[in-house]
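Step one of this worksheet: look at the structure below.
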Amino acid sequence: MKDIFTEIERIISQNDVVLFMKGTSEMPMCGFSGAVVNILKTLGITFHGVNILEDPELREGIKKFADWPTIPQLYVKGEFIGGCDIVREMYESGELKTLFENNLAG
């Protein structure tokens with residue numbers, strides 16, 4: 001059995017921006033995932049989407065990995081940012097745009 005935390009760490013380390021979500025960026029399967037996708041697209045952020053619905057082990061593992069009970073989960077440069085409400089609040093305050101500018105410049 002693969003170590004799901006190792007797999008999660010690999011995905012996060014190989015991509016600057018990772019969104020663990022229900023569905024895909026083209027077809028989110030829940031409103032919360034869709035909201036975060038729309039925010040990232042509005043900001044022009046390229047991200048790696050991971051559909052947790054395809055893998056029950058990953059679906060449970062990601063909740064334990066971040067000690068965060070809900071999906072979606074956004075990671076930037078290996079750091080857990082938060083779920084839909086936090087991302088939305090950060091977007092509305094301008095904090096999210098600043099975070100991306102500071103971490104993805106160049």
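- With rounding to the nearest 0.5 angstrom, the CD1 atom of I8 is 6.5 Å from the CD1 atom of I12.
- The minimum heavy-atom distance between P72 and L19, with the atom names listed, is CB-CD1, 3.7 Å.
- Atom-to-atom distance recorded for R59:CZ and I62:CD1 is 13.0 Å, nearest 0.5 angstrom.
- Annotation: side chain to side chain contact (heavy atoms under 4.5 Å, CB included) contacts of T70 (sequence neighbours excluded): W68.
- Taking the salt bridge (Lys or Arg N to Asp or Glu O under 4.0 Å) definition, one finds that E9 meets it with nothing, sequence neighbours left out.
- Each of L40, V76, L96 was scored for a side-chain contact (heavy atoms from CB on, under 4.5 Å) with I45, with one residue passing: L40.
- Hydrophobic clustering, with ILVMFWY side chains joined whenever heavy atoms are under 4.5 angstrom apart, keeps F32 apart from M90.
- When side chains are defined from C-beta on, Y91 counts as touching L43, because their heavy atoms get closer than 4.5 Å.
- With sequence neighbours left out, E92 forms a side chain to side chain donor-acceptor pair (under 3.5 Å) with no residue at all.
- Within a 6.0 Å radius of NZ in K97, no more than 12 heavy atoms belonging to other residues, nucleotides or ligands are found.
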Please test M29 against L53 for side chain to side chain contact (heavy atoms under 4.5 Å, CB included), starting from the C-alpha separation and ending with a verdict.
CA-CA 9 Å; M29 301 300 274; L53 296 178; 3.8 Å; yes

Item to complete: Please step through side chain to side chain contact (heavy atoms under 4.5 Å, CB included) for the pair V37 and M21, ending with a clear verdict.
Response: CA-CA 9 Å; V37 166; M21 60 181 292; 3.6 Å; yes

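- Under the ring pair (Phe, Tyr, Trp, His ring centres under 6.0 Å) criterion, Y75 pairs with F20, F80, not counting sequence neighbours.
- When all heavy atoms of A35 and C84 are compared, the pair lying nearest together is CB-SG, 3.9 Å.
- Under the side chain to side chain donor-acceptor pair (under 3.5 Å) criterion, no residue pair touches residues 36-48, with sequence neighbours excluded.
- The two residues I86 and I81 come nearest to each other via the heavy atoms CG2-O, 3.6 Å.
- Not one N or O on the side chain of N15 forms a donor-acceptor pair closer than 3.5 Å with the backbone of V17.
- With a 4.5 Å cut-off on side-chain heavy atoms, I71 and Q73 count as touching.
- For residues 12-25, the set of pairs meeting the salt bridge (charged side-chain N to carboxylate O under 4.0 Å, His left out) definition, not counting sequence neighbours, comprises D16-K77.
- Of the possible polar contacts, none joining the S33 side chain to the C30 backbone as a donor-acceptor pair under 3.5 Å is found.
- Between the side chain of D55 and the backbone N or O of L58 there is at least one donor-acceptor pair closer than 3.5 Å.
- The distance from atom CD of E95 to atom CG of N102, rounded to the nearest 0.5 Å, is 10.5 Å.
- Contact check for F47 versus L74: no side-chain heavy atoms found under the 4.5 Å cut-off.
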